[in-house]
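All remarks here apply to the structure that follows.
As the structure is a computational prediction, the values presented were derived from the model and not from experiment.
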Amino acid sequence: MNSIYHFFKAIYLHREVLSASNILEEFPFQRNLLSCINRKTFPNLAIKINKNGNMFSGGELIGLKDSNSYTVSSFNSTVPVGSADISKIIESRSNNIKNQMEKAGDDILSLLTRDVFYLVRGKKSGSVKVVLMHGSFLETIGVRYLLRNYFSQVLAKNIKQSRLTILPAVQNIILDFLSEQENFSRVREVEKASVKLRFRIMTEVKAEGNILNSQQYPSILDNTLNFILPKHDQSDQTLTESKMKEVFSGKELKTFKAFDIKHHFNGYFRVYQTAINSSAKNE
């Protein structure tokens, strides 16, 4: 069986390595759970799809974020999301992702919408925090809305400075084009130009979304491994607990502390926390 829960358990079983690994990509991930591995492009890892999965569909996409401070490292060329259309990812990337997934036996388009998770590690003064969190912790508004408002500010400033009059309908058409990331993120060629152009987005996490920030989220302790999932209502927590009990033994579950945290913009999330050092007591 493959899922983000099984992936988290595999990390849990080797969690002490998290303090020693110089590069997060070098962590001994359980490869038989994965359908693809990419060092430089999102998704860095993808979970195999379960062909007959009831409780677990599998197919989750994972981004790796490593930092030598308690900040979430910047996202280059992507905006963090809670779910993603795998067909758009395959279309906008090289065939490497598609080929790896097919070789792993995935029927890629059988699960179009994939949950997205980020494995985040931060180091500070000899301590480490590691978090596997659902992307909705970072995607508090939709990507289209985010891009549209960004370019709306740019457009409004330039219209004001140039003293031009552009009809609202025309402005909306322009903003609709720019709010689709794929429209401007691809490499494009211009006749007689000796270079090709591609615009890249850099996304930086604000303090309110920085799960490693001790002032914002003090319950995420030093030297802990954390699994963070959305909790919109009690049914979310019930399902999460059922999945954890399915994957972890009773003895293993006793090593976790389960509690809720409130995101500043996006409601409550359920946290499962354990000490990275297996001999330490999780208080």
Side-chain angles (χ1 to χ4, degrees), residues 1-15 17-18 21 23-66 75 77-78 80-121 130-139 225-230 236 239-249 252-253 256 270 272:
M1 191 64 66
N2 312 302
S3 76
I4 196 67
Y5 288 81
H6 296 82
F7 176 79
F8 179 66
K9 180 173 181 178
I11 295 175
Y12 165 83
L13 293 174
H14 296 89
R15 60 193 183 279
V17 180
L18 290 165
S21 296
I23 302 174
L24 193 54
E25 286 88 342
E26 295 178 352
F27 183 85
F29 296 111
Q30 190 171 325
R31 298 208 168 204
N32 64 340
L33 292 174
L34 305 175
S35 63
C36 79
I37 301 173
N38 302 286
R39 288 185 67 90
K40 295 184 178 180
T41 60
F42 177 84
N44 300 116
L45 306 171
I47 306 294
K48 290 180 181 176
I49 296 173
N50 291 315
K51 296 179 181 179
N52 299 310
N54 293 320
M55 183 176 286
F56 303 103
S57 64
E60 295 92 346
L61 308 177
I62 303 166
L64 302 179
K65 307 304 296 178
D66 210 5
F75 293 76
S77 303
T78 61
V81 294
S83 63
D85 185 331
I86 191 63
S87 63
K88 290 186 177 180
I89 290 175
I90 291 173
E91 182 183 353
S92 62
R93 306 291 196 276
S94 67
N95 288 327
N96 179 44
I97 294 175
K98 180 175 182 289
N99 292 340
Q100 285 192 65
M101 289 182 171
E102 288 178 343
K103 188 175 180 180
D106 274 1
D107 178 2
I108 300 172
L109 301 184
S110 68
L111 185 62
L112 280 176
T113 302
R114 309 290 186 92
D115 277 333
V116 176
F117 286 80
Y118 297 96
L119 180 59
V120 178
R121 182 177 70 168
V130 182
V131 175
L132 179 62
M133 65 179 177
H134 193 271
S136 58
F137 197 90
L138 296 174
E139 186 191 18
L225 171 65
N226 304 267
F227 191 24
I228 301 183
L229 298 141
D236 283 341
L239 182 58
T240 295
E241 289 176 351
S242 297
K243 290 181 176 181
M244 289 291 289
K245 290 177 181 178
E246 182 72 21
V247 174
F248 290 85
S249 69
E252 289 167 339
L253 285 173
F256 286 95
R270 190 68 170 169
Y272 293 89

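A pairwise comparison of heavy atoms in L34 and A104 identifies O-CB, 4.4 Å as the closest pair. In this structure, M55 and S242 approach most closely via the heavy-atom pair SD-O, 4.2 Å. The minimum heavy-atom distance linking K51 with G105 is given by the pair CE-O, 3.6 Å. Between E139 and S83, the closest heavy-atom pair is OE1-N, 4.2 Å. Contact record, G58 with I47: CA-CG2, 4.4 Å, taken as the closest heavy-atom pair. Shown here for L119 and L24, the closest heavy-atom pair between the two residues is O-CD2, 3.7 Å.
The closest side-chain heavy-atom distance from K9 to F248 is below 4.5 Å. Side-chain contact between L111 and S57: present, with at least one pair of heavy atoms (C-beta onward) separated by less than 4.5 Å. A heavy-atom distance below 4.5 Å is not found between the side chains of L45 and N38. Counting heavy atoms from C-beta outward, I62 and V116 have side chains that stay 4.5 Å or more apart. A 4.5 Å side-chain heavy-atom check between R31 and I37 finds at least one atom pair inside the cut-off. Side-chain contact check for N226 versus Y272: every heavy-atom pair is 4.5 Å or farther apart. Contact annotation: the side chain of L253 approaches that of M244 to within less than 4.5 Å [non-hydrogen atoms, C-beta and beyond]. Between F7 and F29 the shortest side-chain heavy-atom distance falls below 4.5 Å.
A salt bridge links K98 with E102: the closest approach of a Lys/Arg side-chain nitrogen to an acidic carboxylate oxygen falls below 4.0 angstrom.
Interatomic distance, CD1 of I228 versus CG of L132, reported as 9.0 Å (0.5 Å rounding). One finds the CG atom of L61 at 5.0 Å from the CD1 atom of I89 (value rounded to the nearest 0.5 Å). If you take SG on C36 and NZ on K48, they are separated by 11.5 Å, rounding to the nearest 0.5 Å.
Partners of R121 under the side chain to side chain donor-acceptor pair (under 3.5 Å) rule, at least two apart in sequence or in another chain, are D66.
A side-chain donor from one of N50 and N2 sits under 3.5 Å from a side-chain acceptor of the other.
Among I49, I4, V247, the one residue that satisfies the side-chain contact (heavy atoms from CB on, under 4.5 Å) test with F56 is V247. Each of F227, F137, F75 was scored for a ring-ring contact (aromatic ring centres under 6.0 Å, His included) with Y118, with one residue passing: F75.
At least one donor-acceptor pair closer than 3.5 Å links the side chain of D85 to the backbone N or O of S87. A distance-only check finds no donor-acceptor pair linking the side chain of K243 to the backbone of Y5 [under 3.5 Å].
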